[in-house]
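Report on one structure; see the data block that follows.
Computation of the quantities below employed the complete heavy-atom set of this structure, encompassing side-chain atoms and omitting hydrogens, waters and symmetry-equivalent molecules.
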Amino acid sequence: MNKLFGLFFVVVSTVAFSQNKTEFHKVSLKDKKDKAVGFNFYVENVYDGRQFKENIGTVQKGGFNRKVLANFEKSLPVEFFDYLAVICPSDGGKSKISIRINDLYVSELTRAMSETGYATVAIDVIETKDTVDYVVGSYSASTESNGMDVTGTHDERLKTVLQECLTNYMKTSEKDKTANLYDNNISIKNKSIADVPSRGVYINYADVLNDKPISIADYEITNKKDRFYLLNKLSRSEESNYYGFSDGQDFYINVSKYASVKYYAKTEIISGKYYIENVIYNSNNAIAMGAMFGLIGVAIAASTSDGSIPMLIDSYTGQPSFLSNSEMKVMLSTHPELLKEFRDGNKSSLAKKEILKKYYQQTLGQ
């Protein structure tokens with residue numbers, strides 16, 4: 001009964017969210033109490049490299065914890081630039097850097113007597129050498145804090161994770177920095193992919209769509225129980241913040257935002273989407289990611305309680321689909337023959353994948 005009630009609660013919350021999807025809770029990083037921090041650099045430019053830019057996550061409002069989308073009061077580059085101008089001002093002959101925000105999201109979870117607020121950010125740090133821009137490091141950080149009402153403190157958590165990323169950059173030695181060419185004048189050439197991306201490492205989602213990998217020669221791929229990792233041969237450190245990589249045979253995508261630990265998962269390309277056979281979900285993360293897209297499937301992901309089910313990730317929009325049995329039935333509802341085949345089958349990950357291929361062949365002619 002408790003499990004059914006929990007699922008009902010998530011469904012109700014999600015439906016309430018979907019009915020109010022045009023409402024936004026605004027977050028601002030401006031605060032007169034902010035002061036300069038001891039960084040030895042200043043930030044010249046802030047670039048928005050996120051795959052999904054429509055919002056920055058969800059908050060909960062009202063007695064029934066209605067889910068409401070969150071967004072910044074100003075554009076992300078402006079919010080971050082104004083804040084960074086305060087905490088690391090351009091004085092005293094400091095060196096300059098630029099940053100690209102590859103991912104950023106906030107979320108909340110309600111427990112019996114308190115709430116928990118979460119924030120995550122992933123950035124690239126860019127340095128200019130002889131008029132050429134290079135990505136010298138990729139950093140990410142997450143934090144959480146508790147309280148009776150955490151909706152009003154998302155700005156504090158975002159500042160915490162951003163400062164952690166910049167602190168880790170400042171601690172990176174020159175020999176451990178990367179030197180990957182950066183081009184900010186990138187437009188998406190293809191809104192889908194049909195085959196395994198070219199061999200190489202992809203820092204950002206757009207690099208895949210534009211077929212612009214960096215060399216994989218300086219990296220080693222390791223496999224630990226079907227969780228894949230990318231080891232930098234020069235620094236001997238794991239590179240866990242890239243979008244993904246290809247060995248020429250398969251593409252491996254970063255699933256850290258859905259899982260309990262940081263790793264890359266092997267994919268198969270199905271109709272422009274990354275199919276992942278199994279992800280060991282962190283249900284809180286899955287709920288937060290799905291809610292950004294207004295998915296009813298969030299309830300399904302939550303009901304798995306960190307269980308492992310297949311998923312699809314759209315290569316262009318980044319939208320996830322959590323392929324539980326219930327979600328598969330909804331997807332196949334307009335294709336009676338495929339729905340019957342699924343219901344009569346063993347509902348394994350392999351069976352779901354084969355049904356999906358037939359579904360997209362029929363709906364998209366692929």
Side-chain angles (χ1 to χ4, degrees), residues 27 29 37 39 41 43 46-53 55-57 70 72 76-77 79-80 83-84 87-88 97-107 117-127 134-145 154-173 176-178 180 182 201-208 214 219 227-232 235-245 252-265 279-282 284-286 288-289 292 313 318 320:
V27 177
L29 299 184
V37 183
F39 292 125
F41 54 81
V43 179
V46 177
Y47 304 113
D48 189 351
R50 294 174 297 161
Q51 187 168 17
F52 183 70
K53 300 181 175 71
N55 60 73
I56 62 170
F72 286 119
L76 181 148
E79 288 281 356
F80 271 62
Y83 170 64
L84 290 166
I87 68 166
C88 42
I97 64 169
S98 295
I99 63 171
R100 175 172 64 179
I101 311 296
N102 291 322
D103 229 339
L104 180 149
Y105 45 93
V106 300
S107 62
Y118 302 88
T120 295
V121 70
I123 72 171
D124 293 326
V125 175
I126 302 155
E127 293 181 359
Y134 297 91
V135 174
V136 297
S138 299
Y139 307 89
S140 69
S142 297
T143 193
E144 63 182 75
S145 59
H154 283 298
D155 60 324
E156 296 175 10
R157 286 180 290 275
L158 285 169
K159 292 174 182 179
T160 296
V161 291
L162 177 60
Q163 287 196 33
E164 182 177 336
C165 289
L166 294 176
T167 298
N168 289 335
Y169 157 70
M170 194 168 66
K171 292 178 179 178
T172 304
S173 65
D176 287 337
K177 290 181 180 179
T178 59
N180 302 312
Y182 175 76
V201 176
Y202 297 85
I203 300 177
N204 183 274
Y205 84 98
D207 298 331
V208 179
I214 61 175
Y219 300 90
R227 298 180 184 182
F228 295 85
Y229 303 87
L230 200 61
L231 182 68
N232 187 315
S235 65
R236 305 308 299 174
S237 60
E238 286 185 355
E239 298 287 358
S240 59
N241 299 312
Y242 293 151
Y243 182 78
F245 59 89
Y252 304 81
I253 193 169
N254 195 326
V255 293
S256 303
K257 64 172 67 176
Y258 305 99
S260 299
V261 294
K262 290 186 174 184
Y263 71 100
Y264 299 86
V279 178
I280 306 300
Y281 296 102
N282 175 302
N284 294 335
N285 293 349
M289 291 301 100
M292 291 175 72
I313 300 176

Would you say the side chain of [Y] lies within less than 4.5 Å of the side chain of [X], judging by non-hydrogen atoms?
X      : Y      : value
Asp103 : Tyr243 : no
Glu144 : Tyr118 : yes
Asp176 : Ser237 : no
Leu84  : Leu162 : yes
Asn284 : Ser107 : no
Ile97  : Tyr169 : yes
Phe39  : Thr167 : yes
Val125 : Phe41  : no

TODO: State which residue, out of Asn102, Thr172, Asp124, Asn168, fulfils the side chain to side chain donor-acceptor pair (under 3.5 Å) condition with Tyr139.
DONE: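 With Tyr139 as partner, side chain to side chain donor-acceptor pair (under 3.5 Å) holds for just one option, Thr172.
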Task: Option passing side chain to side chain donor-acceptor pair (under 3.5 Å) with Thr120 (candidates Ser256, Ser140, Ser142) - done: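 It is Ser142, the one option of Ser256, Ser140, Ser142 that forms the side chain to side chain donor-acceptor pair (under 3.5 Å) with Thr120.
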TODO: For the pair Phe228 and Tyr252, name the ring-plane relationship: parallel under 30°, tilted 30 to 60°, perpendicular over 60°.
DONE: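 Correct class here is tilted.
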Donor-acceptor check, side chain of [X] to backbone of [Y], threshold 3.5 angstrom: yes or no?
X      : Y      : result
Asn204 : Gly49  : yes
Asn241 : Ser138 : yes
Asp155 : Val27  : no
Asn254 : Tyr242 : yes

Task: Value rounded to 0.5 Å, distance of NZ in Lys177 from OH in Tyr134 - done: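 Nearest 0.5 Å value for the NZ-OH distance: 13.5 Å.
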TODO: Could you grab the distance from atom CG of Asn55 to atom CZ of Phe72, nearest 0.5 Å is fine?
DONE: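 Separation between the atoms: 11.0 Å.
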Open item on the list: Against Ile56, only a single residue in His154, Glu79, Arg50 fulfils side-chain contact (heavy atoms from CB on, under 4.5 Å); can you say which?
Closed with: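 It is Arg50, the one option of His154, Glu79, Arg50 that forms the side-chain contact (heavy atoms from CB on, under 4.5 Å) with Ile56.
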Task: Phe245 ring center near Tyr219 ring center (under 6.0 Å) - done: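 Distance test on ring centres: not under 6.0 Å, no.
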Open item on the list: Is it the case that the side chains of Ser98 and Tyr182 hold a donor-acceptor pair, with the cut-off being a distance below 3.5 Å and no angle test?
Closed with: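 Ser98 and Tyr182 do not have a side-chain donor-acceptor pair below 3.5 Å.
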- [ ] Dump the intermediate steps for side-chain contact (heavy atoms from CB on, under 4.5 Å) on Val261 and Ile280, then the final yes or no.
- [x] CA-CA 9 Å; Val261 294; Ile280 306 300; over 6 Å; no
